[in-house]
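Input: a single structure, listed below in structure tokens.
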Amino acid sequence: MIRLGLCCIFHSQPISFRRATAKYLLAKARKERLRSLAEICRHNALALEQALHYCQAHGIGAFRINSQILPLKTHPQAGYDMKDLPGGEAIVAIFRRCGAFGRRHGIRMTFHPDQFIVLNSPDPQVVERSVADLRYHAEVAQWVHADVINLHAGGVYGDKQSALARLRANIDRLPASVRRRLTLENDDRSYTPSDLLPVCRATGIPLVYDVHHHRCLPDGLSVQHITATALATWQREPLFHVSSPLNGWTGGDCRPHHDYIDPGDFPREWRKLSLTVEVEAKAKELAVQRLAAALFNDR
DNA sequence: AGCGGTCAAGTTGAT
DNA sequence: ATCAACTTGACCGCT
């Protein structure tokens with residue numbers, strides 16, 4: 001019933017994704033730069049395939065793909081199209097193979113773009129760059145059949161209602177490839193589930209309910225209530241997040257994530273539901289496996 | 001081989 | 001004013 005998801009990277013398994021910096025790449029001539037990027041992109045496509053095989057073999061039902069899977073894809077100077085990369089078509093073919101594998105084995109794929117992607121910024125250029133990056137996410141999502149591109153609401157800028165209105169307006173302007181995958185997640189600093197649910201209802205965008213963020217930044221409503229309300233925003237299998245606090249719940253900053261999930265932090269209300277829960281824990285695949293054991297074997 | 005400095009981007013809040 | 005934190009270390013270049 002519950003599908004646990006692994007986020008982006010591995011703790012112990014020797015599967016890793018490569019990255020690149022603009023500074024390093026821009027010191028090279030264009031041809032050499034594209035050759036270098038192609039090598040990294042190809043490596044990452046193959047690493048994704050390995051990751052999916054690992055998930056399939058270990059009963060992990062979802063995998064979050066790092067936004068840097070195609071590094072610097074929309075960078076103003078170093079950005080590129082796949083057709084510019086030597087062997088670009090073959091790289092795309094690997095991603096499509098990942099998509100077929102995920103579909104065949106029921107492994108859900110998601111994205112959670114970086115903090116720089118802000119749809120409600122008062123600066124139109126920030127929004128424009130964000131949309132460009134979301135288009136890139138949607139392009140990869142289409143290859144791999146990822147159905148979620150999950151974002152936080154963004155900044156408050158001193159006026160939450162105006163910020164939410166801008167968010168809503170900009171969601172309405174998104175291209176369909178982004179919009180049909182877009183989800184909103186409550187954060188641990190500014191936007192609670194109660195803040196976001198009206199936007200979700202108005203736009204038809206599902207809410208990714210992060211119960212850890214909700215506990216760090218409460219809105220007076222219960223886990224049970226928000227669970228039910230968030231479920232209603234989904235026309236497909238819902239996606240929620242869970243973590244445990246590194247410093248515990250009493251005293252100190254509750255936001256940093258622990259290596260593992262305390263099974264007591266996993267909401268009782270979720271246990272009988274059909275949903276995906278992404279496990280945000282530093283021990284990565286080890287944390288997913290330990291939580292799975294606690295939830296499914298331990299009775 | 002190991003380690004230190006650095007890395008595109010936005011926003012917030014602690015210092 | 002500066003800076004770490006965020007979903008997350010990985011990379012190059014020096015010794």
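Proteins get letters first, then strands, A, B, ... in listed order; numbering begins at 1 in each.
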If stacking means aromatic ring centre less than 5.5 angstrom from the base's six-membered ring centre, planes under 30°, is A/F116 stacked on B/dA9?
yes

Is the closest side-chain donor-acceptor distance between A/S177 and A/Q142 under 3.5 Å?
no

Whole angstroms only, please: what is the CD-P distance between A/E280 and C/dC6?
11 Å

Apply side chain to side chain donor-acceptor pair (under 3.5 Å) to A/H137 and list each qualifying residue two or more places apart in sequence or on a separate chain.
A/S67

Rounded distance in Å between the P positions of C/dG9 and B/dG10:
23 Å

Please list all pairs passing the salt bridge (Lys or Arg N to Asp or Glu O under 4.0 Å) test where one or both residues lie in residues 85-101 of chain A, with sequence neighbours left out.
A/E49-A/R97

In terms of relative ring orientation, are A/H212 and A/W249 parallel, tilted or perpendicular, with 30° and 60° separating the classes?
tilted

What nitrogen or oxygen pairs link the protein and nucleotides 9-15 of chain C at under 3.5 Å?
{"residue": "C/dC11", "atom": "OP1", "partner": "A/R19", "partner atom": "N", "Å": "3.1"}

Which of B/dA9, B/dT6, C/dT7 is nearest the side chain of A/K23? It is B/dT6

Between C/dC6 atom C1' and A/E278 atom CD, what is the distance in whole Å?
16 Å

Taking N or O atoms only and anything under 3.5 Å, show me the protein contacts with nucleotides 11-15 of chain B, one pair per line.
{"residue": "B/dT11", "atom": "OP1", "partner": "A/S121", "partner atom": "OG", "Å": "2.9"}
{"residue": "B/dT11", "atom": "OP1", "partner": "A/Y157", "partner atom": "OH", "Å": "2.5"}
{"residue": "B/dT12", "atom": "OP1", "partner": "A/V156", "partner atom": "N", "Å": "2.6"}
{"residue": "B/dT12", "atom": "OP1", "partner": "A/Y157", "partner atom": "N", "Å": "2.9"}
{"residue": "B/dG13", "atom": "O4'", "partner": "A/R189", "partner atom": "NH1", "Å": "3.3"}

In a table with atom names and distances, give each donor-acceptor pair under 3.5 Å that connects a side chain of residues 10-30 of chain A to protein atoms at least two apart or in another chain.
{"residue": "A/T21", "atom": "OG1", "partner": "A/Y24", "partner atom": "N", "Å": "3.4"}
{"residue": "A/Y24", "atom": "OH", "partner": "A/K28", "partner atom": "NZ", "Å": "3.1"}

Residues in salt bridge (Lys or Arg N to Asp or Glu O under 4.0 Å) contact with A/R255, at least two apart in sequence or another chain
A/D253

Report the relative orientation of the aromatic rings in A/F240 and A/Y209; use parallel for angles under 30°, tilted for 30 to 60°, perpendicular for over 60°.
perpendicular

Looking only at atom types and distance, does a side-chain atom of A/N186 sit under 3.5 Å from a main-chain N or O of A/D210, one as donor and one as acceptor?
yes

Within the 4.0 Å heavy-atom criterion, would you say A/D114 contacts the bases, only the backbone, or no part of the nucleic acid?
base

Within this structure, what is the CG-to-C1' distance between A/D133 and B/dG10, rounded to whole angstrom?
13 Å

Can you tell me how far C1' of C/dA5 sits from CG of A/D188, to the nearest Å?
10 Å

With a 6.0 Å cut-off (strictly less than), is the heavy-atom count around CZ of A/R42, excluding the residue itself, greater than 12?
no

Whole-Å distance separating the NE2 atom of A/H112 from the C1' atom of C/dA5
14 Å

Quiz question: by atom type and distance under 3.5 Å, do the side chains of A/H112 and A/R64 form a donor-acceptor pair?
no

Paired and unpaired positions of DNA chain C as dot-bracket, Watson-Crick or G-U wobble under 3.5 Å, | denoting a partner strand:
||||||..|||||||

Who are the salt bridge (Lys or Arg N to Asp or Glu O under 4.0 Å) partners of A/R236, not counting sequence neighbours?
A/D147

Give the residues of residues 61-76 of chain A touching DNA chain B, defined as any heavy atom closer than 4.0 Å, sorted by residue number.
A/Q68, A/L72, A/T74, A/H75, A/P76

Rounded to whole angstroms, how far apart are CG on A/L134 and C1' on B/dA9?
13 Å

Can you list everything that forms a side chain to side chain donor-acceptor pair (under 3.5 Å) with A/Q289? Sequence neighbours excluded, please.
A/Y54

Side chains of A/N44 and A/Q68: is there a donor and an acceptor less than 3.5 Å apart?
no

Reckon A/H241 touches a base, only the sugar-phosphate, or nothing at all at heavy-atom distances under 4.0 Å?
nothing

Expressed as a whole number of Å, how far does the C1' atom of C/dC3 sit from that of B/dT6?
15 Å

Does CD belonging to A/Q224 count more than 12 external heavy atoms closer than 6.0 Å?
no

Check the phosphate of C/dC6 against A/H213, side-chain N and O only, distance under 4.0 Å to OP1 or OP2. Yes or no?
no

Would you say the side-chain atoms of A/D195 and A/T192 include a donor-acceptor pair closer than 3.5 Å?
yes

Using side-chain heavy atoms (C-beta onward) and a distance below 4.5 Å, is A/E139 in contact with A/R135?
no

Would you jot down, in residue-number order, the residues of residues 159-166 of chain A having a non-hydrogen atom under 4.0 Å from DNA chain C?
none

Using whole Å, what does the distance between atom P of nucleotide C/dT7 and atom CG of A/N186 come to?
11 Å

In whole Å, measure the gap between the C1' atoms of C/dA4 and B/dC7 for me.
15 Å

Length of the line joining A/L151:CG and B/dG10:P, which is rounded to integer Å:
15 Å

Tracing side-chain links under 4.5 Å among I, L, V, M, F, W and Y, which residues wind up in one group with A/L286?
A/Y260

